[in-house]
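Worksheet: the structure to be examined is printed underneath.
Numbers restart at 1 for each chain; the letters A, B, ... are given by sequence-line order, proteins then strands.
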There are 2 protein chains.
Amino acid sequence: MYVENVGEFLKAHGIKPSYQRVKIYEYLMGTMEHPTVDNIYNALSGEIPTLSKTTVYNTLKTFIEKEIAMVITIDENETRFDADTGLHGHFKCLSCHRVYDFEVDVREEDQETLEGFEIKEKQMFYYGICKNCKQGS
Amino acid sequence: MYVENVGEFLKAHGIKPSYQRVKIYEYLMGTMEHPTVDNIYNALSGEIPTLSKTTVYNTLKTFIEKEIAMVITIDENETRFDADTGLHGHFKCLSCHRVYDFEVDVREEDQETLEGFEIKEKQMFYYGICKNCKQGS
DNA sequence: GTATCTGCAAAACATTTGCAATTCT
DNA sequence: AGAATTGCAAATGTTTTGCAGATAC
């Protein structure tokens with residue numbers, strides 16, 4: 001999903017479009033890197049010299065509450081974020097540590113064990129070696 | 001998988017079966033709770049009064065290197081562990097916070113996007129409300 | 001007796017909180 | 001001016017590291 005006017009988009013989701021919030025959302029939407037708080041802070045602190053990490057934390061928390069971003073816990077030591085909240089999987093390369101998106105077949109299958117459970121969200125994490133790293137070696 | 005003799009099992013995987021390691025593995029294997037380091041420490045420090053969290057951390061790290069346990073990053077704030085390293089999914093109840101296992105159909109499907117990628121591990125995390133909590137409400 | 005393992009204390013990191021200053025309308 | 005937002009500094013919580021003492025073979 002491509003959002004042309006981030007300010008309007010935030011408003012439409014009940015978030016006041018402050019300068020910082022707009023910039024953070026634009027960055028999150030425009031990158032494929034599933035950045036950490038630190039990544040976002042470093043990427044934007046040149047452009048917004050007064051930016052603080054607290055604001056990045058606050059802003060991401062707001063985005064998640066309003067469901068325009070999601071947390072990706074693919075690694076124990078780093079919390080990553082994604083502006084794409086639709087169903088898709090994530091692949092983490094154990095060599096270059098990049099995180100790739102992949103399509104997921106939405107077939108409802110397998111979980112007999114979950115009879116009577118209400119599923120609200122699904123996350124799919126794969127780990128391995130990516131195409132680039134395999135060719136390089 | 002049920003292990004009768006944990007000492008032998010650890011040896012077979014290249015781990016010296018110290019008292020602490022045996023107890024920690026027995027606990028991990030015997031619980032369905034996918035415990036955190038804190039859970040394990042609290043559960044065993046009665047029985048092993050001198051136990052330290054450092055030892056729990058060290059031991060789990062060893063188990064993971066030797067692939068007799070795995071990390072479950074289903075929640076950002078707590079690293080959980082599981083002695084079952086086979087393919088299965090985890091469901092986290094957003095109400096009672098319990099983590100349930102579920103069977104996964106091993107059908108190889110969907111990931112055209114991952115052509116040329118080598119997949120070494122898969123994790124599947126579902127979030128929602130469990131049967132118990134639905135009935136209770 | 002030498003290697004390894006354990007566990008304390010301190011260090012390192014990530015995240016949260018309290019609060020004062022700033023910004024927006 | 002009033003309400004919300006930002007950002008600093010301190011607090012919290014978790015995991016790692018350094019090292020000395022204990023344990024095992």
To the nearest angstrom, how far is I24(B) atom CD1 from dG7(C) atom C1'? 12 Å
Between P on dA22(D) and CG on L51(B), what's the gap in Å once rounded to a whole number? 17 Å
Starting from P on dT14(D), measure out to CG on D75(B) and report it in whole angstrom. 12 Å
Considering every strand and a 4.0 Å limit on heavy-atom distances, what is the contact class for Q20(B): base, sugar-phosphate, or nothing? sugar-phosphate
Aromatic contact, Y25(A) with F9(A) (centres under 6.0 Å): yes
Any side-chain donor-acceptor pair under 3.5 Å between D101(A) and H34(A)? yes
Among dT15(D), dC8(D), dT6(C), find the nucleotide with the atom closest to the side chain of S52(A). dC8(D)
Does a donor on one side chain sit under 3.5 Å from an acceptor on the other, for T36(A) and N39(A)? yes
Start at the 5' end of DNA chain D and walk down; is the nucleotide closest to T54(A) or to Y57(B) reached first? T54(A)
Taking only side-chain N and O atoms of S18(B), does any of them lie within less than 4.0 angstrom of OP1 or OP2 on dA24(D)? no
Result for 5'-nearest mapping on DNA chain D, choosing between K16(B) and D38(B), is D38(B)
Using a heavy-atom cut-off of 4.0 Å across all strands, would you classify T55(A) as base, sugar-phosphate, or nothing? base
Check the side chains of D75(A) and H97(A) for a donor-acceptor pair under 3.5 angstrom, ignoring hydrogens and angles. no
Answer for the Watson-Crick or wobble partner of dT23(D), both distances under 3.5 Å, is none
Complement of dA3(C), any strand, by Watson-Crick or G-U distances under 3.5 angstrom: none
Just how far, in rounded Å, is C1' of dT25(C) from OH of Y19(A)? 20 Å
Just the rounded figure in Å: distance from P of dG13(D) to CD of E76(A). 21 Å
Rounded to whole Å, how long is the line connecting atom NZ of K53(B) with atom P of dC5(C)? 23 Å
Tell me the interatomic distance from Y41(A), atom OH, to dT6(D), atom C1', rounded to whole angstroms. 13 Å
Would a line drawn from the ring center of F117(A) to the ring center of F102(B) be shorter than 6.0 Å? no
When you get a sec, tell me which of dT15(C), dC5(C), dT6(D) is the closest nucleotide to the side chain of R21(A)? dT6(D)
Contact nearer the 5' end of DNA chain C, comparing P49(B) with T79(A): P49(B)
Find the distance I40(A):CD1 to dG7(D):C1' and express it as a whole number of Å. 17 Å
